[in-house]
Structures are given as C-alpha cells and as structure tokens.
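The structure appears below as structure tokens.
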There are 2 protein chains.
Amino acid sequence: MTEMSGGSSRGGGLVGRIGIGLQLDAIHMKILQVLRENGRISVAALAERVGISRASAYTRFEALRADGVIKRFTAEVDHVRAGLGITALVFVTVRQQMWKQFRAQLAQMPEVEYCAITTGQHDAMIQIRMADVAGVHALVTERLAGIPAVKATETVFILDEVLKRPYVLPSDRTPRQQSRRPSAEPTTPDSGVPLGKMRFVGAAEGRAEMRGEP
Amino acid sequence: MTEMSGGSSRGGGLVGRIGIGLQLDAIHMKILQVLRENGRISVAALAERVGISRASAYTRFEALRADGVIKRFTAEVDHVRAGLGITALVFVTVRQQMWKQFRAQLAQMPEVEYCAITTGQHDAMIQIRMADVAGVHALVTERLAGIPAVKATETVFILDEVLKRPYVLPSDRTPRQQSRRPSAEPTTPDSGVPLGKMRFVGAAEGRAEMRGEP
DNA sequence: GTTGAAATTAGTACGAA
DNA sequence: TTCGTACTAATTTCAAC
C-alpha cells in the first residue's frame, strides 16, 4: 500500500440516504469494531482477530472501503499537545435560504472541526479548536458573525472532554438493547422516571429547505 | 482499548494541563497533518511526503505515539451504513457533586459517542447514535434520566453533519491567524459586526468543583 | 539525522473445497 | 464465498556512515 483514496461522502448527510450496496453481516461488524479501535492493524492480524482467512479479510476490507462504510482512517491527536487547548461550541442561528452560503463559508474555516445541523432553538452547532480563549472570541466575532448567513451565535466553552469513542456501532449494544423493536408505539415504557426531567426540543418553524448543498 | 484514550488524558481534561514531554516542531506537525488524513499510510510513504528519511520518520512516529500526541488510530465508519442512522445531542444538567457518578454511568453507555463538560446553561453535552428515533427517546427517558446525577436533559436531533474534520491542527491556520498575538486586550478589533449578534455564555453559578474524577 | 542492505511482512493471484 | 498456498512487492528493522 502506498497511498490511500480520499473519502467519498461528499455531500451525503444523514437524512434521506438509502442503504444500498453491501449488506453487512456479523463479520463485517467485527471488522469495523477492530478497525475503529486500531486503524493501523495489518490485514493479517485483522483476519486473525476476526477469525477468517487472510484472503477473506482482504476482500471484505476492500469491500468496506469501496462501499464507503469505512470513510477513512485517521489519527486522533491530542489537541492540547498540538497547541490547540481551547475547545468551544458555537450554536448558530442561520438566516433562511442562506444555508448554501453558510456551508461554503464553514468549509473555509479550518479551525472548525465539526458542524452539525440540529433541531431545537438553534440551527447549527459547530465545534472549534483554538490556541487560546481570545482566539475563540476573535473567530466568533470577526469571522463567524461576519457571515451574512449567520443571524446569531451563542458560544460555550468545553471544560473537559469526558469521553470520545472511536465510533459507535450497533454491535456495541447489549443483546437486550439491540433487540429493541421500534414497535408501533414509540412511547416510553414506564420506568419510574420523574416527569418533567427531560425535554425534547423540536425544530424551529420554517426550516424545511435547509438541505441545500454548498 | 475500550474507554477513552489509552493515552494520558485520564483525568487531565483540557484545563490545567501542562505541556510536558516532546516539543513539537514543524516536521512533527506535518507528520500529524498527513496521519490525520490518512491513518494507514506506511511510514515510508509518510517520510517521503514529509521530506525526511525513513529512519527519522520511524523515530518521530514512535515518539509521537509514545508521548501520547497521537492518541490512537481509528477508522471512520459511516453510521448510516452501519445501522445507526439517528444522531442526537443531549444537553444534561448534572446535580452538584455527583459528577463522579455521572461519568461512571456514561462509561457504561456504549451508544454515547462523545461527552463534553461545558460552560453555559447546561453542564454537559453528549452525542448519541441510535438506530431509530424511538431509541433516542428510550435512552434519554429510560437510562439517562434514571441516573440520579442527572437533574434535567434537553435533546435535539442532528439533521445533517455538514463537516467533520479528522483533526484540527495549528498548522491548518493561515499565517495571519496563526500569528495572532493574544496581546493585553482580548477585546475584538472593530470589524463592523452588528452588535448583539453574538453572545457568550458563561458557566452557571456554583460549578467550581466539577473536576472530580470517576 | 541519513543511507543502504537484510529480514520480515504485506498484498496478490491462483486453484480447491 | 471462503480458504490455503505460493509468489512478488513493499515495509520495517538494524547496521554503519
């Protein structure tokens, strides 16, 4: 292996994607499980840990890659050690019909590690990494707020990242949870939880056409 | 490796960590840059792309790993393809002095991909991956709300993940941004931004001793 | 920190079960 | 399909410079 292909999930997104392609079985899941914990494991070692032959491991490995189930391999870096010790979340309210522009602007901000469009009070949440607190302030006030598509922002700082899992898979579930039938009634089985403890926040009004691609 | 990182950030967190160990130079950064984009590249190819010899690349690579700058290598999996097409954020208000318990409970919930302690209105934000919307509801009402440490939750759904960068590094910055001096005045240089467009949210009162470790 | 050569391992291409 | 094996190419290790 010399190089590696780039990712393929250009503008897919979470919603409205249909699961065509490769049907994943238990062995595929096991491969993903191993690979997400150790992305640099050799295919030979992978085969052994999964319990299949080397040849099969190569075939499945390639299939998972080609099919986009595995999007890419990456190294997790300690941000503090790398000089970006400050992490913040910025909740953004986006002006209607300016999503395309918003996305385009984000693509040009390398300090943005993650951006998700959400339901609830705000329209998007972005996570940024900075060297210092002043940098966060500068980014939000100078660059984010300067985007016409941005109507308002709300910033919170991350004090500690308690956990970050490589990637959640259905196989991580216990058998009980795994076999949860969606059933006809999505309502909660009684569990003695005090009422009013939790709250689900729906989307704001007029947020239908946000799926424009940059 | 099951829980957080195998590395050193056991209870370190983001705040108050001192950058001991290996001093990173420009070549280290370049290595990280390549590795975060392609975690499976061979060290030989890495050496070529960075412009150093094979042996140096091995040495530096190992040093970065051993020092915890590189926490791990992982495969990024397409959640939809893997059967977890629903992503949600749950903002949690945690009862004072029950952080330890809260963390311990989270560690036992494999569907939680990420958890960060934040300033602002809520105390923590967790990201969960589920097969369906009912699963989110079930998790929040049955399991999260059942934790005594959890005072209240607020859930929003992620409609689309616009971008997810492998990992942000200082070298991603343009020279202009990179050389930002924190200076003595952390206030915003005038940039013609409409006032009142952004808002910084500080921590709630009485959140001093949240750094208790599980 | 670099080069080069040896040992090891990875990736591929077959048939056979 | 999956497995086992053999073959070729590449990588890692370790030496000396």
Side-chain angles (χ1 to χ4, degrees), chain A residues 1-8 19-77 81-82 166 169-171, chain B residues 1 6-7 21-78 81-83 166 169 171:
Chain A
M1 180 201 315
T2 318
E3 269 319 290
M4 196 122 279
S5 64
S8 56
I20 39 171
L22 186 71
Q23 190 75 14
L24 305 186
D25 60 21
I27 294 174
H28 284 122
M29 284 302 178
K30 214 165 175 181
I31 291 173
L32 293 176
Q33 203 167 347
V34 172
L35 246 29
R36 111 209 129 132
E37 282 165 14
N38 182 2
R40 265 185 95 84
I41 194 173
S42 71
V43 181
L46 174 68
E48 194 181 15
R49 283 186 61 175
V50 171
I52 56 176
S53 71
R54 265 188 355 141
S56 292
Y58 276 107
T59 307
R60 285 173 174 270
F61 181 88
E62 240 314 290
L64 286 170
R65 261 192 139 302
D67 228 62
V69 179
I70 296 173
K71 294 197 281 190
R72 73 180 144 200
F73 291 93
T74 187
E76 281 192 15
V77 173
R81 301 296 306 279
L169 294 174
S171 49
Chain B
M1 216 178 293
L22 183 72
Q23 190 76 12
L24 305 186
D25 59 22
I27 294 175
H28 284 121
M29 284 302 178
K30 214 164 176 184
I31 290 174
L32 293 177
Q33 203 168 349
V34 172
L35 245 29
R36 110 209 130 132
E37 282 164 15
N38 183 357
R40 265 185 96 81
I41 193 173
S42 71
V43 181
L46 174 68
E48 193 182 14
R49 285 186 59 174
V50 171
I52 55 176
S53 69
R54 271 70 51 83
S56 283
Y58 277 106
T59 307
R60 285 171 176 269
F61 181 88
E62 242 321 295
L64 286 170
R65 253 189 151 308
D67 227 61
V69 179
I70 296 173
K71 293 198 281 191
R72 71 181 144 199
F73 292 93
T74 187
E76 280 193 16
V77 173
D78 186 320
R81 301 297 308 279
L169 294 175
S171 49

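In what follows, every chain begins at residue 1, and chains take the letters A, B, ... in the order their sequences are listed.
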Could you pull out the closest heavy-atom pair between Ala75(A) and Ile70(B), with the gap in Å? CB-CG2, 4.2 Å
Can you tell me which residue among Arg36(B), Lys71(B), Arg72(B) is in a salt bridge (Lys or Arg N to Asp or Glu O under 4.0 Å) with Glu76(A)? Arg72(B)
Side chain to side chain, Asn38(A) and Leu46(A), heavy atoms closer than 4.5 Å: no
Tyr58(B) atom OH is separated from dT11(D) atom P, nearest whole Å, by 8 Å
Nearest 0.5 angstrom please: Leu35(B) CG to His28(B) NE2, how far? 12.0 Å
With sugar-phosphate taken as primed atoms, P, OP1 and OP2 and all else as base, the protein-contact string of nucleotides 3-9 of chain D at under 4.0 Å (heavy atoms; B, S, -) is BB-B---
To the nearest angstrom, the CD-P distance between Glu62(A) and dA10(C) comes to 17 Å
Between Ser42(A) and dT9(C), is there a contact of a side-chain N or O with OP1 or OP2 at under 4.0 Å? no
Grab the CG-P distance between Leu46(A) and dT9(C) for me, whole Å please. 17 Å
To the nearest angstrom, the CD-C1' distance between Glu48(B) and dT3(C) comes to 15 Å
Please give me the minimum heavy-atom distance between Ile27(B) and Asp25(B), naming the atom from each residue. N-OD1, 3.0 Å
For atom CZ of Arg60(A) and atom C1' of dG11(C), their distance in whole Å: 19 Å
What is the minimum heavy-atom distance between Lys30(B) and Val50(B), and which atoms define it? NZ-O, 3.9 Å
Tell me the interatomic distance from His28(A), atom NE2, to dT2(D), atom C1', rounded to whole angstroms. 12 Å
